[in-house]
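The block underneath contains the structure these notes are about, expressed in structure tokens.
Just so it is clear, the model here is predicted, and its values are computed rather than measured. Residue numbers start from 1 in every chain, and the chains themselves are labelled A, B, ... in the order their sequence lines are given, proteins ahead of strands.
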Protein chains: 2
Amino acid sequence: MQRSRPAPPSLPSRPTRTDARRNYDSLVAAADELFGERGTDVPLDDVVRRAGLGSGTLYRHFSSRDALMAAVFWGRIEALCKEADRLLLADSPVEGIVTWLRSLIGLTMRRGLAAALAADNKDGGSELFRYCRQALDTAATPLLRRAKEDGAFHPDLEVSDLITFTHAIAVAAERAPDSEEHADRLLRMLLDGLRTRDKPTARL
Amino acid sequence: MQRSRPAPPSLPSRPTRTDARRNYDSLVAAADELFGERGTDVPLDDVVRRAGLGSGTLYRHFSSRDALMAAVFWGRIEALCKEADRLLLADSPVEGIVTWLRSLIGLTMRRGLAAALAADNKDGGSELFRYCRQALDTAATPLLRRAKEDGAFHPDLEVSDLITFTHAIAVAAERAPDSEEHADRLLRMLLDGLRTRDKPTARL
DNA sequence: ACCTGAACACCGTTCAAGT
DNA sequence: ACCTGAACACCGTTCAAGT
């Protein structure tokens, strides 16, 4: 049950040499800051400049913008996957997965992460993002299965589709002033159905 | 009831001079082809080259890539808006809007249009895309209102959210081999709820 | 008025020289 | 081993010269 999760295919590992590791960390820290301030499409040159390094150093450690993004976000994604494991022990299967979906939205909303992960669907997406998606899918699978076994979710629902919808919520709520509440409202509607339940009083 | 829909704020109008109009049309045609073949992020230089023109001509007619995309897609979006008007006369309010949502997915799936419209949420989005979104919102509003009056949709549901979810479906189904069916399945689940209905047999 | 294409700017990426 | 920064490539955008 404690099987370790493998690292992404090409996630650059932290170097061992002291100066190299310091540079690596500076780059990740600078990128984290700038991604937050100005979005994940900030010029890499600015990341390099804030880290006080040469541009070649960035490419030594990160083969692409995606690799840098993965290094910045991977820690948080991993934490989210661990949370999924913990939530398997929740009293209510439904509460377990809903709590997790809220956490997912909390991570992806802002920062443009949701849009990046959602857009990654297309074949052109990078290997690293596909790996992030897959890690989230894998983590959520037992949560969803448990909820299905409880009869609480549509049997045809696939994890990847559930997460895709969740990304849509994050993207949509991102612009709203009360993004938290807006996201919650959308999540509730998504789970309960945009159509009202068939009640005796409603026709059809 | 026949109120005319205003043109987008900066949608470039077709020039009157014969040679200019021919160039304009060549650019739109070339862009339409290349967007279909290689995605909407194809280099503008290639569009210019296929049209057999100078690069300055493109910028004379289209102030940005978005303006070009708008010119390419605006006709189809307008047609979709008109379809919404027609569907207001459908026998069943629910069928009316569901049919329209299917058409919307049909337009946005492939071509990366769904991703572009969805990503446009963020403030950085262009004025033209915001206009496209708004045109779709405006067209769908009476359809949704009618369905709500019929008691078929959640009263809290906003048009923009419904369309956002629909974009998510288009993005998600785009990669699937059987995209049409996949999209249909997701749409059905979205409307009916990802959670199963509360049945006497299911607990909670 | 409109068109052309060379020139410019921006940014990602590489690589020779240096530590 | 790793770092630097100049050099290169790509692509969007402008503009002087031409019709």
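No donor-acceptor pair closer than 3.5 Å links the side chain of A/Lys148 to the backbone N or O of A/Phe153. The closest donor-acceptor contact from the side chain of B/Arg14 to the backbone of B/Tyr24 lies at 3.5 Å or more, if one exists at all. Side-chain N or O atoms of A/Thr57 include none that pairs as donor or acceptor with a backbone N or O of A/Leu53 at under 3.5 Å. Side-chain atoms of A/Arg65 come within 3.5 Å of backbone N or O of A/Val42 as a donor-acceptor pair.
For A/His61, a side-chain nitrogen or oxygen approaches OP1 or OP2 of D/dC3 to under 4.0 Å. Applying the 4.0 Å criterion to OP1 and OP2 of D/dC2, one finds that A/Asn23 has every side-chain N and O outside that range.
A/Asp41 has its CG atom 14 Å from the C1' atom of C/dC10, to the nearest Å. Whole-Å rounding puts the B/Arg60 CZ to C/dT4 C1' distance at 11 Å. The CG-P distance, from A/Leu58 to D/dA6, rounds to 17 Å in whole Å. Taking atom CZ of residue A/Phe62 and atom P of nucleotide D/dC2, one finds them 13 Å apart after rounding to whole Å.
With salt bridges taken as basic N to acidic carboxylate O contacts below 4.0 Å, none links A/Asp85 and A/Lys82. A salt bridge is absent between A/Arg146 and A/Asp150: the closest approach of a Lys/Arg side-chain nitrogen to an acidic carboxylate oxygen does not fall below 4.0 angstrom. Electrostatic pairing of A/Asp192 and A/Arg188 does not count as a salt bridge here, judged by no charged N lying under 4.0 Å from a carboxylate O.
The stretch residues 163-172 of chain B participates, sequence neighbours left out, in no salt bridge (Lys or Arg N to Asp or Glu O under 4.0 Å) pair at all.
For A/Glu37, the side chain to side chain donor-acceptor pair (under 3.5 Å) test picks out A/Arg50, with sequence neighbours left out. Not counting sequence neighbours, A/Asp178 has no partner by the side chain to side chain donor-acceptor pair (under 3.5 Å) test.
Near DNA chain C, meaning a heavy atom under 4.0 Å away, the residues from residues 46-54 of chain B are B/Leu53, B/Gly54.
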Item to complete: Give the dot-bracket string for DNA chain C, reading 5' to 3', where a pair is Watson-Crick or G-U wobble with both distances under 3.5 Å, ( ) marks pairs inside the strand, [ ] marks pairs crossing earlier ones, | marks a partner on another strand, and . marks unpaired.
Response: ||.|||||...|||||.||
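When only modelled atom types and interatomic distance are considered, B/Ser103 and B/Arg76 share no side-chain donor-acceptor pair under 3.5 Å.
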Practice prompt. Sugar-phosphate means primed atoms, P, OP1 and OP2; the rest is base. With that split, encode nucleotides 13-19 of chain D 5' to 3' as B, S or - using protein heavy atoms under 4.0 Å.
Written response: BBB----
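Comparing D/dC3, C/dC3, C/dC11 against the side chain of B/Ala20 picks out C/dC3 as the nearest.
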